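What follows is a single structure, written as structure tokens, with notes after it.
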Amino acid sequence: MDKRIKRGLTILFAMVLVSQLFTVNYVKVKAHGTTEKEITEKMLKTKIPKDYKINPDTQGSTRKGDYNKFFLEDELQTVSIKVDENNLNYLFQNADMKPTVMTDSVTIGDQTVRYTGLKTKGNYTLEHTVIDNVKSDRFSFTVNFGKYIKKDKYGEKQDFFGCDKISFNNFFFDRTMMREFFSWKLLSEMGVPTPQYGLAKLYINDNYYGIYFMIEAMDKSIMQQYKNVKGSELSDYLTKPEGTRFVYDNAFDQYIKKDGTIDLSSMLKKNSKGIYKASGALKEQKALWEDDEETLQDVAGMLPTVLSWEKKLTQLSNGLDFSGNKIDVNSDKYLELLEQVIDVDEFLRYFAAHSFLVQLDDMFVIDRNFGLYVDQSGKSTLIPWDYDLSFGCYYPSTAEATANFDLDQMYKDAEWEFGQKKEYDFTYADYPLFHVIYQNSSLMDKYHQYMKECAKIASLGGTTSTGKTYEPGWFYSYIDKMQDILKKAASEELAENVMYLNGQSQPKHLKASLPNLAKIIAMRSVGVALQADKKEASVCTYGCNLEPLGNAAWGESATEGELAVVDEKSGIYAIAEYEGSWSNRSPSLISQEVTEDVRAQIQKAVGVSEAADIKIYSFRDTSVPKGSYELHIPVDTAMGTEGVSVFNYEDGSPEKLDIEKTEDNVLVCKTDSVRYVVVAKGASAVTSSAQMWIGIAAGAVFIILIGALAVVNKRKQKKK
């Protein structure tokens, strides 16, 4: 046989053999779970001891929020789940079906509840955990404390100090492990009804599953605390709608009775087992109950009210009153009618915070990821949900686009498909929930005011409309406080069947992402403040990369024009004009440490005796502006703005700056240098440059007067 043919056949055989080896290895790759044995339902542990009684010590008041204390803000909670191995493996092997299995116990902190339900959760993230991460069982979970311990058998439904369900999210998209935390914190501080939330270390059967985001499930308990009422006072309509924009279908007009209510008796009937079934036009509205039979049973009695609400909402969105007549959308009458349909102030706060967070995996893009509550009178409240892709990590995905994202935009305007840019012809008129606000000028003014309050809370400091005052760099201080705790917990060895998902390598990614998270929070705050104040400048995000945050990308930064740069620690930002050139870099405000010697020197130079009465900041700009900086300096509550002076310290001498204006807690000055910026109370240093020139002029006048007097005296002496 020819040597070349032999060599070819040898190579071909080797390739086939390698292929077979890879195929065998692939087939042998263990699916999800800690065993290769298939677990069936018949093998599950489902029996609860006959003598089991609910522990009264772990029951509580939902309205009073007895369970709130278990959601920690500045520490990691410890959560331990004990579950039969067959139950656990059945859950993992069928994770995509979201089955519920019974646990032996769930311990949160030092409190234990027995025989709870445990299920997997999620949509996209669950699918890709199942398919793309076959070696990892790090799913997201929900614990249902009363799934098996119900009122009809035990006299009351089992809960956890008043909480029915808690979810544990696996940070599939969030390498920072704090992005979602800050989203909920902002929403909560803005007065939006939010679930309780925190961070936790999760153990299952004593095996470490890593850090999870711990959050109260979407449930009536959220509304009980928000409205401070008993559960019986709430309606049954609380859903996470999907696939609907709440545009009323006129097909229902034929079922409207004389009193304006809707009669669904012909389309909503109970079968022989007492189960509601929807038919006709109502069946097409299944998104109103999350396309789920169990939820339909819960909300069936509220559907006539909900459809009447939807009709009124659609009418107002179309500029009509409830009788179908034209109405001025900027009139008092419009606002009066709108208050009957939505909690107007709550809607404004929700959309303001939502827009600030640039979370576009939302109702305007995918028709989901929010909760809706409609009360018995037909008035609605929005409840936020799913913020694991906030701060631009779904879209627009780069720092500069995120920081400067339009205040009024909560949708995609374009995206790339197959290398081609696809433009969207978007209109809010298709989304009545926001359009009823968007078309009214006074409501939009308040919406912009609330967006600026978001910036105060997150980074810039100041007092909001609730009367609460926030310190500059508040969110940064949380990162500073939590990062070592998180890094330590993320460094601990995980169980053999668990890995951090979606390409994460922890704590490596945590260390890289947290500084960038701190930067984008401050940069977005300035971007919002500039737009709310109608300033032309845009934020330069040089030095901030969203890619380490997860599901985002590196982006270029501006080098010319009127640009703002911000220090994430202090919330101080500067606006200046930059001239782009091949040699000019993008600007950024980089804070630097001030040595004790320099600090003492500056304190003495400005004439301040007490260290508490002086703040010294040292910055470096990576570019050179054409002129001076407009410096915005947030001042903390300890310093205040009363009797405060600002200095530029350079070349060994302080220059007092003119404070052009004071807005809330922010001092605005012009300066030629940011090398050392000094904020001092009760300073006795030299005057500002303007005052210095006045002093020089006054001195010159004095010298001239002295000279003139001397001349007069000489003339008098000659006359004598």
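Computed from a prediction, not measured in an experiment: that's the story for all the values here. Atom set for the values below is all heavy atoms of this structure, side chains included, hydrogens, waters and symmetry mates excluded.
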Checking salt bridge (Lys or Arg N to Asp or Glu O under 4.0 Å) for the pair K379/D343: CA distance, chi angles, key distance, verdict?
-> CA-CA 7 Å; K379 187 172 183 176; D343 183 337; 5.5 Å; no
Any chance the side chains of [X] and [Y] put a donor and an acceptor closer than 3.5 Å?
{"X": "T637", "Y": "E471", "result": "yes"}
{"X": "T34", "Y": "E85", "result": "yes"}
{"X": "N170", "Y": "S140", "result": "yes"}
{"X": "S390", "Y": "S183", "result": "yes"}
{"X": "Q59", "Y": "Q158", "result": "no"}
{"X": "T176", "Y": "S513", "result": "no"}
{"X": "S380", "Y": "W309", "result": "yes"}
{"X": "R349", "Y": "S465", "result": "yes"}
{"X": "E453", "Y": "Y470", "result": "no"}

Go through the steps for L517 and I479 under the test side-chain contact (heavy atoms from CB on, under 4.5 Å), then give the verdict.
-> CA-CA 9 Å; L517 177 62; I479 293 176; 4.2 Å; yes
Is the number of heavy atoms from other residues, nucleotides or ligands within 6.0 Å of NZ (K201) greater than 12?
->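 Yes, NZ of K201 has more than 12 neighbouring heavy atoms, counting only those of other groups under 6.0 Å.
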Taking [X] for its side chain and [Y] for its backbone only, find out whether a donor-acceptor pair lies under 3.5 Å.
{"X": "N87", "Y": "M102", "answer": "yes"}
{"X": "N205", "Y": "N207", "answer": "no"}
{"X": "S459", "Y": "A455", "answer": "no"}
{"X": "D66", "Y": "S61", "answer": "yes"}
{"X": "Q504", "Y": "F171", "answer": "yes"}
{"X": "R368", "Y": "P241", "answer": "no"}
{"X": "R179", "Y": "D388", "answer": "yes"}

Step through it carefully: locate the ring centre of F161, locate the ring centre of F70, and say whether they are under 6.0 Å apart.
-> yes
Close aromatic pair by centroid cut-off 6.0 Å: H32 and F139 |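 For H32 and F139, the ring centres are under 6.0 Å apart.
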Measure the shortest side-chain to side-chain distance between [X] and [Y] over non-hydrogen atoms and say whether it is less than 4.5 angstrom.
{"X": "C454", "Y": "V528", "answer": "no"}
{"X": "E568", "Y": "I520", "answer": "no"}
{"X": "F141", "Y": "L202", "answer": "yes"}
{"X": "K69", "Y": "Y67", "answer": "no"}
{"X": "K82", "Y": "D206", "answer": "yes"}
{"X": "N55", "Y": "V113", "answer": "no"}
{"X": "F391", "Y": "I521", "answer": "yes"}
{"X": "W184", "Y": "L187", "answer": "yes"}

Compute both the distance and the angle, then confirm whether K481 meets the cation-pi test with Y478: under 6.0 Å from the six-membered ring centre, within 45 degrees of the axis.
-> yes
Cation-aromatic face contact K227/Y373, 6.0 Å, 45 degrees =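 So K227 doesn't make the cation-pi contact.
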Can R245 and D367 be counted as an ion pair, charged N to O under 4.0 angstrom?
-> yes
Basic-acidic side-chain contact under 4.0 Å: D236, K220 | yes
Would S105 and T112 count as a side chain to side chain donor-acceptor pair (under 3.5 Å) if you check the C-alpha gap in whole Å, the side-chain angles of each, and the deciding distance to 0.1 Å?
-> CA-CA 7 Å; S105 66; T112 300; 5.9 Å; no
Given side-chain contact (heavy atoms from CB on, under 4.5 Å), test L88 with Y90 step by step and report yes or no.
-> CA-CA 5 Å; L88 185 63; Y90 180 82; over 6 Å; no
So F168 and Y212, would you call those rings parallel, tilted or perpendicular, with 30° and 60° as cut-offs?
->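 F168 vs Y212 ring planes: perpendicular.
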Angle class for the Y197/F213 ring planes (parallel below 30°, perpendicular above 60°, tilted otherwise)?
->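 Ring orientation, 0 to 90° scale: parallel.
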If I take atom [atom1] from residue [X] and atom [atom2] from residue [Y], how far apart are they, to the nearest 0.5 angstrom?
{"X": "F182", "Y": "W474", "atom1": "CZ", "atom2": "CH2", "value": "9.0 Å"}
{"X": "L501", "Y": "R175", "atom1": "CG", "atom2": "CZ", "value": "11.5 Å"}
{"X": "K98", "Y": "L91", "atom1": "NZ", "atom2": "CG", "value": "12.5 Å"}
{"X": "I39", "Y": "L44", "atom1": "CD1", "atom2": "CG", "value": "8.0 Å"}
{"X": "L433", "Y": "I342", "atom1": "CG", "atom2": "CD1", "value": "8.0 Å"}
{"X": "N551", "Y": "F173", "atom1": "CG", "atom2": "CZ", "value": "5.0 Å"}

Show me the side-chain donor-acceptor pairs of residues 115-122 shorter than 3.5 Å, one per line, residues at least two apart or across chains.
from, atom 1, to, atom 2, distance (Å)
T116, OG1, T103, OG1, 2.8
T120, OG1, A95, O, 2.8
K121, NZ, N169, OD1, 2.9

In this structure, which one of Q196, E216, R63, K165 forms a side chain to side chain donor-acceptor pair (under 3.5 Å) with S221?
->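 Option passing the side chain to side chain donor-acceptor pair (under 3.5 Å) with S221: E216.
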What are the two closest heavy atoms between [X] and [Y], and how far apart are they?
{"X": "M499", "Y": "R138", "result": "O-CD, 3.3 Å"}
{"X": "Y476", "Y": "A518", "result": "CD1-CB, 3.8 Å"}
{"X": "G571", "Y": "L460", "result": "O-CD2, 3.5 Å"}
{"X": "L76", "Y": "A200", "result": "CD2-N, 4.5 Å"}
{"X": "K230", "Y": "Q224", "result": "C-NE2, 3.9 Å"}

Got a list of side-chain donor-acceptor pairs under 3.5 Å for residues 350-361, not counting sequence neighbours?
from, atom 1, to, atom 2, distance (Å)
H354, ND1, Y387, OH, 2.8
H354, NE2, Q359, O, 3.2
H354, NE2, D362, OD2, 2.9
S355, OG, L407, O, 2.7
S355, OG, Y447, OH, 3.3
Q359, OE1, D361, N, 2.8
Q359, NE2, D361, O, 3.1
Q359, NE2, D386, O, 3.1
D361, OD2, N369, ND2, 3.2

I215 and W385: CA distance, side-chain angles, deciding distance, side-chain contact (heavy atoms from CB on, under 4.5 Å) verdict | CA-CA 10 Å; I215 186 167; W385 194 250; 4.3 Å; yes
Show every donor-acceptor pair shorter than 3.5 Å between a side-chain atom in residues 146-153 and any protein atom, with sequence neighbours excluded, or say none if there are none.
from, atom 1, to, atom 2, distance (Å)
K150, NZ, K147, O, 3.4

Could you give me the CA-CA distance, side-chain angles and deciding distance for V79 and M214, then say whether side-chain contact (heavy atoms from CB on, under 4.5 Å) is met?
-> CA-CA 9 Å; V79 178; M214 174 178 168; 4.3 Å; yes
